[in-house]
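Remember, predicted model here, so these are calculated numbers, not experimental data. Note that ligands are numbered from 1 as they come in the structure, with each ligand's atoms numbered from 1 the same way. We use all heavy atoms of the structure for the numbers below, so side chains are in, but hydrogens, waters and symmetry mates are not.
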Amino acid sequence: MQEEHKKAGLSTRCVHSGELANEHGSPHTPIFNSTTFTFNTTKDLLDVVDGHRPGSLYTRYGLNPSIISLETKLAALEDAEAALVFSSGMAAEAALFLALGRKGVVCIGDAYGGTLELLNVQLRSLNIPVHFLLGSELEKLEELLQTGVEMVFFETPTNPTIEIFDIKAIADIAHMHGALVAIDNTFATPVNQKPIQLGADIVVHSATKYLGGHSDITAGVVMGSKQHIGEIWAWRKNLGQMPAPETAALLSRSIKSLVLRVKRQNESALQIATALEKHPKIKRVLYPGLPSFAGHELARKQMSGFGGMITIEVDGDYEQTVKVADNLNIFRIAPSLGSAESLCTQPVTTTHHGLPEEELERRGITPSMIRLSVGFEDAEDLIEDLEQALKNI
Ligand SMILES: *Cc1c(COP(=O)(O)O)cnc(C)c1O
């Protein structure tokens, strides 16, 4: 983190951290749209190659001012020593697991579909021990840690049942056994939750979601200590998972408004969740900000805002729930989240499509669930949209 921003608040960091001062006075880092950088002498080149001085070299390595500028900002967001940007959230997770999880990974709770597949299929095909624990099976964690597993990975809040896990309590157990704790903080964002402050070692994001925030960037990021990030860096370099400098600059631009966007989404989501909770055609509203929600107390303890993601359960069957989703006008059906536009998806048709019925039941995912990602529109309009969609089912 830049010295001058160490004490600054999150909004100030979002705007200023990492931005390169330049002779033209541009308030943001110019886009360095170069694959390579040139040197006057062989000695100059070797100084950078051998790490004697920082400098630009080759974009795939991340040694490009647009990339470094963005990574400085990203590290500042999560109070991390360092950050690495990737071409997608999955690229970030793949490099993370390959660099630091080869002796075994425990995944707690539900996770993003791609993450589950990566762990279950690709990592297992490399003979990496992978274990899955539901939230209700946490008492088995210590036993697994004794088998030499080196990473505990989870999301909180989770997708789509919005389960909340105690980051500090799990980190304490993992650390007692020498394991690292990596949190996918995509749903919460650094505005609402700071996993590293709560004891996590590594934070990963799909920057495609809230960090990008406008459905126009695919990117990922990993934040952590210099040592861990250095190990992941070598994998990223040779797996070639670098985003283009233009994408890096666009993401830097988006992050300047992160706090404004997420706070607005927090407020609207709470308003919507509160309104829906009273609706006769809604069986359940899963939202950390509702006092009736099972994880509410824990969420209050470890989160500073409750986020823009709500899962509702319609009082009806699969067909009726499809009708609600299809009736929505402002909320558009899409498998993504965290954007300006409000989006919705039925988990059984997207993130958890194709899972056997008993597995869905075990995970508490029902055909009547709709996951809502609340955008920047007026909350009143979004509530009205949901009400009209629920009317004729
Ligand atoms: C979308 C998502 C990912 C994967 O990110 P991509 O940018 O699509 O690769 C990982 N974790 C969570 C929680 C997500 O929502």
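- Proximity of the aromatic rings of Y210 and F187 is defined here by a centroid distance below 6.0 angstrom, and this criterion is not met.
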Please tabulate protein-ligand N/O pairs under 3.5 Å for ligand 1, atom names and distances to 0.1 Å.
unit_1	atom_1	unit_2	atom_2	d
ligand 1	5 (O)	S206	OG	2.9
ligand 1	7 (O)	G89	N	2.9
ligand 1	7 (O)	S206	OG	2.9
ligand 1	7 (O)	T208	OG1	2.5
ligand 1	9 (O)	G89	N	3.1
ligand 1	9 (O)	M90	N	2.8
ligand 1	11 (N)	D184	OD2	2.7
ligand 1	15 (O)	K209	NZ	2.7

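- Listed by chain and residue number, nothing satisfies the side-chain hydrogen bond (donor to acceptor under 3.5 Å, both in side chains) test with E23 (two or more places apart in sequence, or in another chain).
- Qualifying salt bridge (charged side-chain N to carboxylate O under 4.0 Å, His left out) partners for D110, counting only residues two or more places apart in sequence or in other chains: R363.
- Enclosure of atom CD in E143 is not indicated, since only 12 or fewer non-hydrogen atoms of other residues, nucleotides or ligands lie within 6.0 angstrom.
- With a 4.5 Å cut-off between side-chain heavy atoms of Ile, Leu, Val, Met, Phe, Trp and Tyr, the cluster of V149 takes in V106, I108, L133, L138, L141, L144, L145, V152, F154, F165, I167, I170, I173, V181, I183, L198.
- When each of Q193, K194, E78 is tested with V203 by the rule side chain to side chain contact (heavy atoms under 4.5 Å, CB included), just one qualifies, namely E78.
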